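First up is the structure itself, then whatever we jot down about it.
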Amino acid sequence: MATELPVDPYELWLRDELAGVLELPHDGTRVEVIGGEIVVAPGPEVVHNLIVSDIHDTFAGAKAIDPRFSWRCLQMQDLDLSEIHDGYIPDLCIIDRDVARLAGTAALRKLVPNQLALAVEVTSPSNAAEDREPAVRRARPSKWNGYARVGIRRYLIVDRDPKIAAATLYSLPDTQSGSYQASESWKFGETIELPEPFGISIRTDEWMPWG
């Protein structure tokens, strides 16, 4: 039986009440509002988390080598897209260290789009379509659309589908159309070269498709 919500799903998500209203288990289950609709996904598997960890570790390694390296990573951080009434939980948010310091000082629970330099998503079989550029027949916007709509400058999607097995960096968001105008891709096994302002290389030798 469908759950009748007392208010708009986004408002519940914003107040950190949506999971409770839906009576979701506390087992890593993730609930987001994408294209105005509630999307629930199970906690990711180990391989998914290892890929996220590899990207995080690469940024951390660059910081260890050069203290002037200004980028910090946050995993599973709520992102409030108030402009489109969506609420996402990216696998990884890349933010400037000054932004991180101010957000920490303010004890923020959710980031907003203009604080992100890069959003990262790693696909899972249960919700890959929510992360990708939408197929022609898809009626509802995906995260790809949402990230572009709110002007997030770069979006890196690691697609573990065995038919794809590649990472794609999208850039040049068009906020009017909700689409990215440029992209560059790397197959698993190739080295991702993130351009400036990051200027780092991410190895993908050990990344595996699902299945």
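Because the structure is a prediction, the values reported are computed rather than measured. Count residues from 1 along the sequence.
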Among all residues two or more places apart in sequence or in another chain, which pass the side-chain hydrogen bond (donor to acceptor under 3.5 Å, both in side chains) test with [X]?
X: W207; value: D54
X: Q75; value: H56
X: E37; value: R140

Set of side-chain contact (heavy atoms from CB on, under 4.5 Å) partners for [X], sequence neighbours left out:
X: D57; result: S53
X: V40; result: L22, L24, T29, V31, I38
X: T175; result: none
X: A62; result: F69, I200

Other residues, nucleotides, ligands: >12 heavy atoms within 6.0 Å of E190 CD: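 Yes - once you tally the heavy atoms of other residues, nucleotides and ligands closer than 6.0 Å, there are more than 12.
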For R203, look at atom CZ and say whether over 12 heavy atoms of other residues, nucleotides or ligands are found less than 6.0 Å away.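 Counting other residues, nucleotides and ligands, CZ of R203 stays at 12 neighbours or fewer.
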Test question: given the 4.5 Å side-chain rule for I, L, V, M, F, W and Y, name all other residues clustered with [X], or answer none.
X: L50; result: V46
X: L102; result: none
X: Y88; result: I34, V39, L74, L79, L81, I84, I95, V99, L111, L116, W144, Y147, V150, I152, Y155, I157, Y170, Y180

Start with the C-alpha distance between D16 and R109, add both sets of side-chain angles, then the distance that settles side-chain contact (heavy atoms from CB on, under 4.5 Å), and finish with yes or no. CA-CA 10 Å; D16 297 320; R109 294 185 60 83; 2.8 Å; yes
For residues [X] and [Y], determine if any side-chain heavy atom of one lies less than 4.5 Å from a side-chain heavy atom of the other.
X: R72; Y: K63; result: yes
X: I89; Y: Q77; result: no
X: I164; Y: R132; result: yes
X: S201; Y: T58; result: no

Donor-acceptor pair, S70 side chain versus D96 backbone, under 3.5 Å?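 No; judged by distance alone, with no hydrogens or angles, the pair does not exist.
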Got a sec, which pairs hit salt bridge (charged side-chain N to carboxylate O under 4.0 Å, His left out) with one end in residues 77-88, sequence neighbours left out?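 Sorted result for residues 77-88: D78-K110.
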Tell me which pairs pass salt bridge (charged side-chain N to carboxylate O under 4.0 Å, His left out) where either residue lies in residues 115-126, with sequence neighbours left out.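 For residues 115-126, and leaving out neighbouring residues, the salt bridge (charged side-chain N to carboxylate O under 4.0 Å, His left out) pairs sorted by first residue read E121-K143.
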Heavy atoms only: give me the nearest R97-P67 pair and the separation to one decimal.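 For R97 versus P67, the nearest heavy atoms are NH1-O, 2.9 Å.
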Salt bridge D161-K163, side-chain N to carboxylate O under 4.0 Å: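 Here D161 does not pair with K163 in a salt bridge, since their nearest N and O are not under 4.0 Å apart.
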